[in-house]
Amino acid sequence: MAKNMLLFLSVITMTFSFEIKHICKQTGARYGVLHTEHGDVETPIFMPVGTLASVKYLSPEDLYAMGSGIVLANTYHLWLRPGPDVIKQAGGLHRFMNYKRPLLTDSGGFQVFSLAERRKITEEGVTFKNHLDGSKLFMSPEKSIELQNAFGADIIMSFDECPPYPCSYEYMKESVERTTRWAERGKKAHQNPKQALFGIVQGGAYEDLRKLSAEALVKIDFPGYAIGGTSVGETKETMYKMIEYSTKYLPEDKPRYLMGVGSYDAIIEGVLRGIDMFDCVLPTRIARHGALMTSTGRINIRDKKYEFDFSPLDAECNCYTCQNYSRAYLRHLYKCEEGFVKRLLSIHNINFLLNLTKEIRQAICEDRFGDFKEAFFHKYGLNVTNPRGF
RNA sequence: GGGGGGAUAGCGAAGUGGCCAAACGCAGAUGACUGUAAAUCAUUUCCCAUCGGGUUCGGCAGUUCAAAUCUGUCUCCCCCCA
């Protein structure tokens, strides 16, 4: 009873905060804790993506079992279906999707990029030609925040434009300035103090524009900052520069979230450059397409060489799939298009990245993240089949 | 016994004298996917090879400059009549 009371009190009093607990003496990488209304999560963290209020093919229990913390959902897609009224009436996104740990909603800014063919940008906002029925929809910074307030995720994102790569300097400058104005408008519109609104640094690969963007956002003052416009076709080297150009101008004591990045090498390189949070559809999407991340490189379960392979996907993996099923069985299910395989493979890839970030946190706490990186890359370097490092 | 139809690459199925190593679907073999319009997309599958070459369209024998396509014949399959 007393415990419940305490929990209740903590729920009504707890607001968002970030605490850096340790800085790796070897690399300067950060280990921290995000405090949210739905519990604490340690950083660096990988956040699985559940666009439509579900991490495809996985249950909340699957996610808890893997130690998942924050999960993402998407404002644009939930706006279309089921719409804010349903989620509001359900008692918020947490209750609606039955996820008890922290949630983060993306603003719809990524859809400005991914649905570029079907939208028009103006100073006021973005007009989308709805991909479901073709009807016109208008998303403004205020609308995005209003929706996100209705959904009630612990962390919400500023409505931005995720510009393409490559992108001309002139366009990028215009875009960054507009995204900055949108960030300001969004902050003004933000109603729920329990939700932490993050700003998003843009500027592509232009150092001065990243600086311009970061400094302007810091001036507006957000409880956390994201780095956007990454993983949109640029090389890894360019992405690492984008990170450096951005983090340089961000306050040390606020969380930094690298948006849309989820290959294991980029996560390690990101942490090395001071990133605390990552999200990516990569593990779930490639899993559905038969590709798995393993401790000895990437494999594709479709391949004939696994026909009689009764070993697990990854001998070092502790996930449910690797503990119970063989490559031969998973290949069989994949070949026969049995839906179960999508769950099993998704579990493995999500677990792989959650486990990777867990090992990263340990290494940081023990001041050996540099050694960890070297050992990790060495191991992968010997076996990796994909030069991009998946 | 009589009449009709058919045999094309792993399977199904187009093609009915040159533009055919042969459409398309399935199946097979690979690859890609990074704030999810994604159970999607791309490549590839007769043989050898880098260009290129060599064997194919039930078998055999013909006609023709040229045949998967025309003729004869054989084998097998299906349908109808008795």
Side-chain angles (χ1 to χ4, degrees), chain A residues 46-57 70-78 80-81 104-119 128-134 144 148 153 155-163 165 198 200-202 225-236 239 242 257-267 269-270 275 277-293 298-307 331 333-343 345-346 349 353 385-390:
Chain A
F46 174 75
M47 308 181 286
V49 180
T51 305
L52 287 158
S54 162
V55 179
K56 294 189 192 301
Y57 295 91
I70 300 171
V71 162
L72 259 73
N74 182 280
T75 302
Y76 172 84
H77 290 287
L78 293 177
L80 267 55
R81 289 185 304 197
L104 182 155
T105 43
D106 185 30
S107 60
F110 185 69
Q111 279 60 47
V112 179
F113 166 78
S114 66
L115 302 177
E117 307 293 303
R118 346 184 30 98
R119 54 75 176 151
F128 286 98
K129 198 175 163 194
N130 175 345
H131 70 273
L132 295 173
D133 63 9
S144 176
Q148 296 188 78
I155 299 171
I156 67 177
M157 302 303 297
S158 197
F159 185 60
D160 65 333
E161 177 191 358
C162 175
Y165 182 88
F198 281 27
I200 304 175
V201 180
Q202 292 290 355
Y225 298 90
I227 295 164
T230 49
S231 282
V232 288
E234 77 283 8
T235 63
K236 287 265 166 84
M239 187 210 292
M242 290 174 171
Y257 162 26
L258 181 60
M259 306 187 81
V261 172
S263 63
Y264 39 66
D265 53 342
I267 288 177
E269 293 291 350
I275 300 296
M277 304 158 72
F278 302 84
D279 82 285
C280 200
V281 304
L282 191 70
T284 43
R285 182 181 293 168
I286 69 174
R288 273 178 275 127
H289 299 162
L292 291 314
M293 306 181 198
R298 181 170 154 158
I299 69 168
N300 195 315
I301 200 61
R302 256 195 338 254
D303 294 359
K304 194 166 176 60
K305 58 188 167 193
Y306 305 121
E307 189 176 11
R331 177 175 189 272
L333 292 186
Y334 193 90
K335 287 290 191 184
C336 298
E337 297 180 61
E338 278 294 334
F340 185 36
V341 77
K342 292 190 191 327
R343 172 165 171 250
L345 299 182
S346 296
N349 274 352
L353 291 184
T385 51
N386 185 318
R388 294 180 70 189
F390 293 159

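We name chains A, B, ... by the order of the sequence lines, and we start the count at 1 in each one. Since we're looking at a predicted model, the values are computed, not measured.
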Checklist entry - Do the side chain of A/Gln202 and the main chain of A/Gly229 share a donor and acceptor less than 3.5 angstrom apart? => result yes

Item to check | Whole angstrom value for the distance that separates C1' of B/rA39 from NZ of A/Lys335 | outcome: 15 Å

Checklist entry - When you check the phosphate oxygens OP1 and OP2 of B/rA37, does a side-chain N or O of A/Ser114 lie under 4.0 Å from one of them? => result yes

Checklist entry - Counting side-chain heavy atoms from C-beta on, which of B/rU36, B/rU30, B/rG35 comes nearest to A/Cys280? => result B/rG35

Item to check | Donor-acceptor side-chain pairing of A/Ser263 and A/Asp265 below 3.5 angstrom | outcome: yes

Item to check | Whole angstrom value for the distance that separates C1' of B/rA29 from CZ of A/Arg331 | outcome: 10 Å

Next on the checklist: Without decimals, in angstroms, what is the distance between A/Phe110 CZ and B/rC33 P?
Outcome noted: 14 Å

Checklist entry - So what does A/Arg119 touch, heavy atoms closer than 4.0 Å: a base, only the sugar-phosphate, or nothing? => result nothing

Item to check | Donor-acceptor pair (no angle test) under 3.5 Å: A/Arg298 side chain, B/rG31 base | outcome: no

Checklist entry - A/His289 stacking on B/rU40: centroids under 5.5 Å, ring planes under 30°? => result yes

Checklist entry - Would you say the side-chain atoms of A/Thr230 pair up with the backbone N or O of A/Met259, donor to acceptor, closer than 3.5 Å? => result yes

Checklist entry - Would one find a side-chain N or O of A/Thr51 under 4.0 angstrom from OP1 or OP2 of B/rU36? => result yes

Item to check | Value in whole Å for how far the C1' atom of B/rU36 lies from CG of A/Asn349 | outcome: 15 Å

Checklist entry - If each of A/Tyr334 and A/Cys162 is mapped to the nucleotide of RNA chain B with the nearest heavy atom, which maps nearer the 5' terminus, i.e. the 5' end? => result A/Cys162

Checklist entry - What is the distance, rounded to the nearest whole Å, between atom CG of A/Asp106 and atom P of B/rA37? => result 10 Å

Next on the checklist: For B/rG35 and A/Gln111 - does any side-chain N or O of the residue sit under 4.0 Å from the phosphate oxygens OP1/OP2?
Outcome noted: no

Checklist entry - Residues in ring-ring contact (aromatic ring centres under 6.0 Å, His included) with A/Phe198, at least two apart? => result A/Phe16

Item to check | Interatomic distance, A/Ile286 CD1 vs B/rU34 P [rounded to whole Å] | outcome: 10 Å

Item to check | Rounded distance in Å - CG (A/Asp303) to C1' (B/rU43) | outcome: 14 Å

Item to check | Which nucleotide in B/rG35, B/rA29, B/rC33 has an atom nearest any side-chain atom of A/Arg285 | outcome: B/rC33

Under 3.5 Å, which donor-acceptor pairs do the side chains of residues 48-57 of chain A form with other protein atoms, sequence neighbours left out?
none

Checklist entry - Contact class for A/Gly270 (heavy atom, under 4.0 Å): base, sugar-phosphate, or nothing? => result nothing

Checklist entry - B/rA38 P sits how many Å from A/Arg118 CZ, rounded? => result 12 Å

Checklist entry - Across all strands, who's sitting opposite B/rC24 as a Watson-Crick or G-U wobble pair, both distances under 3.5 Å? => result B/rG12

Next on the checklist: Base, sugar-phosphate or nothing for A/Glu307? Non-hydrogen atoms, less than 4.0 Å.
Outcome noted: nothing

Next on the checklist: Starting the side chain at C-beta, find the nucleotide from B/rA37, B/rG35, B/rU34 nearest to A/His131.
Outcome noted: B/rA37

Checklist entry - Which part of the nucleic acid, if any, lies within reach of A/Ile200 when heavy atoms closer than 4.0 Å are counted: base, sugar-phosphate only, or nothing? => result base

Next on the checklist: Quick check on RNA chain B: between A/Gly290 and A/Leu52, whose nearest nucleotide comes earlier from the 5' end?
Outcome noted: A/Gly290

Checklist entry - Side chain of A/Arg298, backbone of A/Met293: donor and acceptor closer than 3.5 Å? => result no

Next on the checklist: Should the side chain of A/Thr230 and the base of B/rU34 be counted as holding a donor-acceptor pair, with the cut-off at 3.5 Å?
Outcome noted: no

Item to check | Donor-acceptor pair present, A/Asn74 side chain and B/rG35 base, under 3.5 Å | outcome: no

Checklist entry - Where the side chain of A/Leu115 is defined as all heavy atoms beyond and including C-beta, which of B/rA37, B/rG35, B/rA32 is the nearest nucleotide? => result B/rA37

Item to check | base_contact_polar (B/rA39 base, A/Arg288 side chain, donor-acceptor, <3.5 Å) | outcome: no

Checklist entry - Between B/rG31, B/rU36, B/rA39, which nucleotide has the shortest distance from any of its atoms to the side chain of A/Tyr57? => result B/rA39

Checklist entry - For B/rG1, which nucleotide is its Watson-Crick or G-U wobble mate, given both distances must be under 3.5 Å? => result B/rC81

